[in-house]
Amino acid sequence: MAKEQKNTPATEEQEQVQVKEIEVRRQKLDALRERGIDPFGAAFNASHTTSQALAEFDDEQPEKTVKIAGRIMSKRGQGKVSFLDLHDQSGKLQIYVKIDEVGEEQFSLLKLLDVGDIIGVAGPVFRTQRGEISVRAQQLTILSKSLHPLPEKWHGLKDVELRYRQRYVDLIVNPEVKDTFIKRSLIISAVRDYLNGQGFLEVETPTMHNIPGGAAARPFITHHNALNIDLYMRIALELYLKRLIVGGLEKVYEIGRVYRNEGLDYKHNPEFTLLELYQAYSDYQGMMELTENMVAQVAQKVLGTMQITYEDTQIDLTPPWNRMTMQEAVLKFSGVDFAQVPDDAAAQALAKEHHIVIEPHFTKGKILSLFFDAYVEEHLIQPTFITDYPIEISPLAKKHTDDPNMVYRFEAFVYGRELANAFSELNDPIDQRERFMQQMLERERGDEEANMLDEDYVNALEYGMPPTGGLGIGMDRLVMLLTNASSIRDVLLFPAMRPLNSAKEEHNVISEAVTEAEPAKIDFSKVEIEPLFKDFVDFETFSKSDFRAVKVLACEAVPKSKKLLKFTLNDGTAENRIILSGIHEYYEPEELLGKTCIAITNLPPRKMMGIDSCGMLISAVHNEEGAEKLHLLMVDNHIPAGAKLY
RNA sequence: GAUCCACUAGCUCAGUUGGCAGAGCACCUGACUUUUAAUCAGGGUGUCCCGCGUUCGAAUCGCGGGUGGAUCACCA
């Protein structure tokens with residue numbers, strides 16, 4: 001206030017109100033409307049793109065009339081003449097507006113135009129005195145008024161957060177961003193072309209899975225209302241694509257989005273684009289050849305060379321790429337020879353010696369992979385295949401015939417980062433089931449990323465899957481490499497961002513709303529319960545019943561029975577427990593998969609439909625308007641299998 | 001999760017030892033009939049990320065918080 005008063009003598013004209021730029025633009029918008037011009041005009045039939053108009057220009061035969069449309073990116077007024085730079089997707093073209101040519105009425109429109117506005121221009125193409133090919137405007141059409149000022153023309157938009165949050169602005173003002181995304185599109189097309197040329201069939205498989213499988217990652221969970229079941233957003237494409245191999249589609253691929261509930265950093269986004277392909281009768285060797293050939297050819301096609309520069313480092317993608325086993329690589333870069341390590345204990349001792357953090361149950365193979373991460377990965381700058389992975393970290397890969405602790409798998413590394421992952425697919429259903437069971441144990445041990453048992457997938461394998469090579473490539477990583485992008489966010493048009501405006505508050509509002517709404521939906525007014533028992537049971541008798549938390553590993557309807565469900569349960573012991581329960585009229589088997597329930601485990605086996613049922617699952621029963629209602633007791637998933645109830 | 005850094009005009013950024021909030025571009029007023037980051041004359045448009053504190057006085061110092069970035073850890 002004081003400041004304004006001080007300045008009063010300087011600002012003599014009281015009417016000259018200082019307004020923000022956005023208000024100025026709104027005023028111009030109103031001014032256009034007052035003239036009867038729609039500031040957000042209709043379709044405009046351009047005859048040329050800017051680059052076409054430039055390409056067709058001929059100094060021998062100038063003055064060919066064109067109609068072009070685009071965004072004004074620069075405006076240079078010079079009295080009764082004005083120059084505009086008009087940008088469209090193909091490039092830019094200068095517009096020359098002269099009062100004699102367009103008339104006073106049109107020329108005065110220029111005052112209402114700003115950098116950022118979208119216009120159409122009609123007029124002949126010519127060359128200015130300074131030699132620039134331009135359109136001499138005869139007609140200006142306002143197609144859309146821009147209400148926001150654009151970032152500064154010389155420095156552009158630097159604020160990375162704004163660039164990602166408002167990619168549209170980034171694309172308008174930073175031309176190299178557009179180039180990157182055009183290149184991304186070309187790369188993905190080139191991959192498709194290559195694979196189609198090799199006889200692969202592109203397919204689409206579900207993105208919402210009942211059981212998320214094919215990778216070690218935490219999934220996102222969503223919900224289907226009509227079925228009243230939770231579904232998982234897929235973390236990989238693998239298991240569905242291999243079902244297709246079983247079905248006889250011998251070369252398939254999918255380029256699709258997968259979702260992993262993990263942190264965000266320069267190489268991770270919660271959703272990303274994954275290429276997976278499977279080729280029957282091939283193996284990981286075949287996949288290696290395919291990988292190096294495909295990547296090299298894509299680079300050649302999109303960049304015109306196999307010699308690329310990433311972060312100032314020259315990388316040669318020309319096949320064949322280096323090949324090393326994981327053991328050889330660890331020996332080379334750390335000096336530790338795992339061929340000489342006899343057992344898990346020796347490996348653990350080595351890990352401690354080299355300050356590698358491990359847990360007591362870590363095996364030799366797992367520790368080898370930790371050595372690899374610690375000593376080798378960063379050195380693999382030029383394209384390198386690392387082969388022969390430990391079985392512990394590869395539950396879907398085929399075992400080495402001469403070393404049951406190894407699998408036929410490789411990962412390709414470029415610039416110290418994983419680019420591709422492939423293996424000879426495990427097609428032995430018995431082995432696969434055992435591996436899933438091992439993964440289930442890991443899950444129970446708290447590894448939320450371990451695979452879940454996919455019964456139908458094993459069932460598919462039981463029909464017979466040919467020996468198969470499978471390959472996965474993170475397309476975002478590939479695009480990063482080929483566009484020299486240092487962050488995955490630079491190759492994703494709209495990378496995941498935390499919402500603005502205090503996420504916490506919104507979260508609170510939602511959770512309050514939920515807690516308020518939920519109880520209101522449940523109506524207990526019609527509930528009738530069984531009278532409480534009068535007879536006492538002594539504590540000794542009670543404590544003889546062994547109540548345990550159990551996890552539903554598998555659940556299926558018993559054939560020929562309307563009521564019975566057969567549960568395969570993890571009760572914390574190594575052996576699975578089978579319990580049959582007559583609750584099919586209340587639950588479909590798939591809704592119970594993975595749930596944690598309560599069972600009595602020390603009842604004598606009882607035959608039902610010829611199957612031994614070992615114990616009872618506990619349900620809560622009541623009556624409502626004469627009908628019996630039942631709820632299977634389901635408890636918090638944090639409760640481990642086998643936990644005893646007291 | 002830990003550490004470090006950043007946050008000032010629409011954009012890019014200065015801001016000294018705690019002492020009236022600054023520049024360039026953009027924008028506004030005016031001049032200019034072939035400009036090229038047009039030029040010339042004039043105009044500063046602000047929640048200095050937010051809150052609390054110290055102080056006569058805070059963009060600046062302290063504490064707490066937010067957002068982003070980097071590094072590390074976790075995860076694979």
Side-chain angles (χ1 to χ4, degrees), chain A residues 2-4 6-7 10-13 15-25 27-28 73-85 92 94-102 107 111 114-116 126-134 136 146-166 169-170 172-174 215-218 235-236 260-268 357 359 366 369-370 372-373 377 389 392-395 411 417-418 421 442 446-451 472 474 486-487 489 495 497-505:
Chain A
K3 189 172 61 185
E4 270 177 31
K6 226 187 278 176
N7 288 349
T11 52
E12 289 163 347
E13 294 164 300
E15 285 168 330
Q16 187 190 324
V17 189
Q18 297 283 4
V19 285
K20 293 196 169 186
E21 195 166 339
I22 186 159
E23 287 161 9
V24 170
R25 289 182 177 225
Q27 286 167 8
K28 290 178 176 174
M73 292 304 289
S74 172
K75 192 179 160 195
R76 300 178 292 277
Q78 202 188 340
K80 305 228 162 21
V81 163
S82 205
F83 295 88
L84 308 175
D85 285 345
K92 67 168 182 173
Q94 178 169 270
I95 310 300
Y96 171 60
V97 188
K98 190 167 138 187
I99 191 162
D100 305 347
E101 197 87 22
V102 295
F107 195 78
K111 267 202 157 320
D114 291 298
V115 169
F126 74 112
R127 199 182 278 279
T128 63
Q129 282 179 4
R130 296 290 180 99
E132 180 158 350
I133 299 166
S134 309
R136 187 188 307 111
S146 170
L147 295 178
H148 286 293
L150 287 176
E152 197 223 14
K153 62 182 168 192
W154 195 239
H155 294 95
L157 181 65
K158 290 266 180 65
D159 184 325
V160 283
E161 187 190 349
L162 267 184
R163 285 188 45 220
Y164 300 141
R165 284 193 194 280
Q166 301 186 21
V169 180
D170 193 27
I172 291 168
V173 300
N174 294 326
R218 275 186 285 174
I235 56 173
R260 297 186 182 177
N261 211 335
E262 294 165 350
L264 303 143
D265 65 24
Y266 71 100
K267 5 181 224 189
H268 294 93
V357 182
E359 285 172 35
K366 173 83 180 164
S369 74
L370 292 177
F372 179 81
D373 292 346
E377 222 172 56
Y389 274 63
E392 295 91 329
I393 57 172
S394 318
E411 287 185 349
R417 297 179 192 167
E418 178 193 335
N421 179 19
E442 300 280 334
D447 182 357
E448 288 183 64
E449 300 189 338
N451 281 265
S486 55
S487 169
R489 291 178 159 186
M497 302 288 280
R498 189 190 300 272
L500 291 173
N501 300 331
S502 179
K504 266 186 190 170
E505 277 175 32

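Please read these numbers as outputs of a predicted model, since none were measured by experiment. Side-chain atoms are counted along with the backbone in the values below, which use heavy atoms only and exclude waters and symmetry mates.
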Rounded [atom1] spacing from [N] to [M] in Å:
| N | M | atom1 | value |
| --- | --- | --- | --- |
| U54(B) | C61(B) | C1' | 8 Å |
| G10(B) | G44(B) | C1' | 13 Å |
| G43(B) | G18(B) | P | 33 Å |
| A6(B) | C13(B) | P | 14 Å |
| C63(B) | C4(B) | P | 11 Å |
| A9(B) | U47(B) | C1' | 13 Å |
| G68(B) | G62(B) | P | 24 Å |

Gap between atoms [atom1] and [atom2], on [X] and [N] respectively (whole Å):
| X | N | atom1 | atom2 | value |
| --- | --- | --- | --- | --- |
| Ile22(A) | C28(B) | CD1 | P | 14 Å |
| Glu101(A) | U34(B) | CD | P | 14 Å |
| Tyr96(A) | U36(B) | OH | P | 14 Å |
| Leu162(A) | U12(B) | CG | P | 7 Å |
| Ile133(A) | U36(B) | CD1 | P | 18 Å |
| Glu392(A) | A76(B) | CD | C1' | 15 Å |
| Leu84(A) | U36(B) | CG | P | 15 Å |
| Asp114(A) | C27(B) | CG | P | 7 Å |

Heavy atoms, side chains only, cut-off 4.5 Å: are [X] and [Y] in contact?
| X | Y | result |
| --- | --- | --- |
| Ile22(A) | Arg25(A) | no |
| Ser146(A) | Asp114(A) | no |
| Leu370(A) | Phe372(A) | no |

Check: CZ of Arg163(A) to CG of Asp170(A): how many Å apart, nearest 0.5 Å?
Finding: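 It comes to 4.0 Å.
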
Item checked: OG-CD1 distance between Ser82(A) and Ile99(A), expressed to the nearest 0.5 angstrom -> 11.0 Å

Notebook entry, point to check: Has the side chain of Glu132(A) got a donor or acceptor that lies under 3.5 Å from a partner of the other kind on the base of U35(B)?
Noted result: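 Absent.
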
Item checked: Test: Arg76(A) and Asp85(A) ion pair at under 4.0 Å ->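 Looking at Asp85(A) together with Arg76(A), the answer is yes, because their closest N to O distance falls below 4.0 Å.
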
Notebook entry, point to check: Hey, which of these two, Ser487(A) or Ala450(A), hits RNA chain B nearer its 5' end, going by closest nucleotide?
Noted result: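 Final value for this comparison: Ser487(A).
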
Next item on the list: Let me know, please, whether Lys111(A) or Glu418(A) comes out on the 5' side of the other along RNA chain B by nearest nucleotide.
Entry: Lys111(A)

Any [X] side-chain nitrogen or oxygen under 4.0 Å from OP1 or OP2 of [N]:
| X | N | value |
| --- | --- | --- |
| Arg130(A) | U35(B) | yes |
| Gln78(A) | U39(B) | no |
| Ser74(A) | A38(B) | yes |
| Arg76(A) | A38(B) | yes |

Look at all strands and tell whether [X] reaches a base, only sugar-phosphate, or nothing, counting heavy atoms closer than 4.0 Å.
| X | result |
| --- | --- |
| Gln94(A) | base |
| Asp100(A) | base |
| Phe126(A) | base |

Note to self: Looking at Lys28(A), I want to see if its NZ is surrounded by more than 12 non-hydrogen atoms of other residues, nucleotides or ligands under 6.0 Å.
What the structure shows: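 Buried by this count: over 12 neighbours within 6.0 Å.
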
Minimum-distance nucleotide to [X] side chain [options: [options]]:
| X | options | result |
| --- | --- | --- |
| Val24(A) | C27(B), A76(B), A70(B) | C27(B) |
| Lys28(A) | C32(B), C27(B), U71(B) | C27(B) |
| Val160(A) | G68(B), C27(B), U34(B) | G68(B) |
| Val81(A) | U35(B), U33(B), A70(B) | U33(B) |
| Lys80(A) | G30(B), C11(B), C32(B) | C32(B) |
| Arg165(A) | C11(B), U35(B), U67(B) | U67(B) |

Notebook entry, point to check: Can Tyr96(A) and Glu101(A) be counted as having a side-chain donor-acceptor contact under 3.5 angstrom?
Noted result: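 No, no side-chain donor-acceptor pair sits under 3.5 Å.
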
Notebook entry, point to check: Between Asp100(A) and Lys80(A), is a side-chain contact (heavy atoms from CB on, under 4.5 Å) present by the stated rule, with each step listed?
Noted result: CA-CA 8 Å; Asp100(A) 305 347; Lys80(A) 305 228 162 21; over 6 Å; no

Check: Of all residues at least two apart in sequence or in a different chain, which pass the side-chain contact (heavy atoms from CB on, under 4.5 Å) check with Tyr266(A)?
Finding: Arg417(A), Ser487(A)

Margin query: Using a 3.5 Å limit for the pairing distances, which stems of at least 3 consecutive Watson-Crick or G-U wobble pairs does RNA chain B take part in?
Written below: B:1-7 with B:66-72, B:10-13 with B:22-25, B:27-31 with B:39-43, B:49-53 with B:61-65

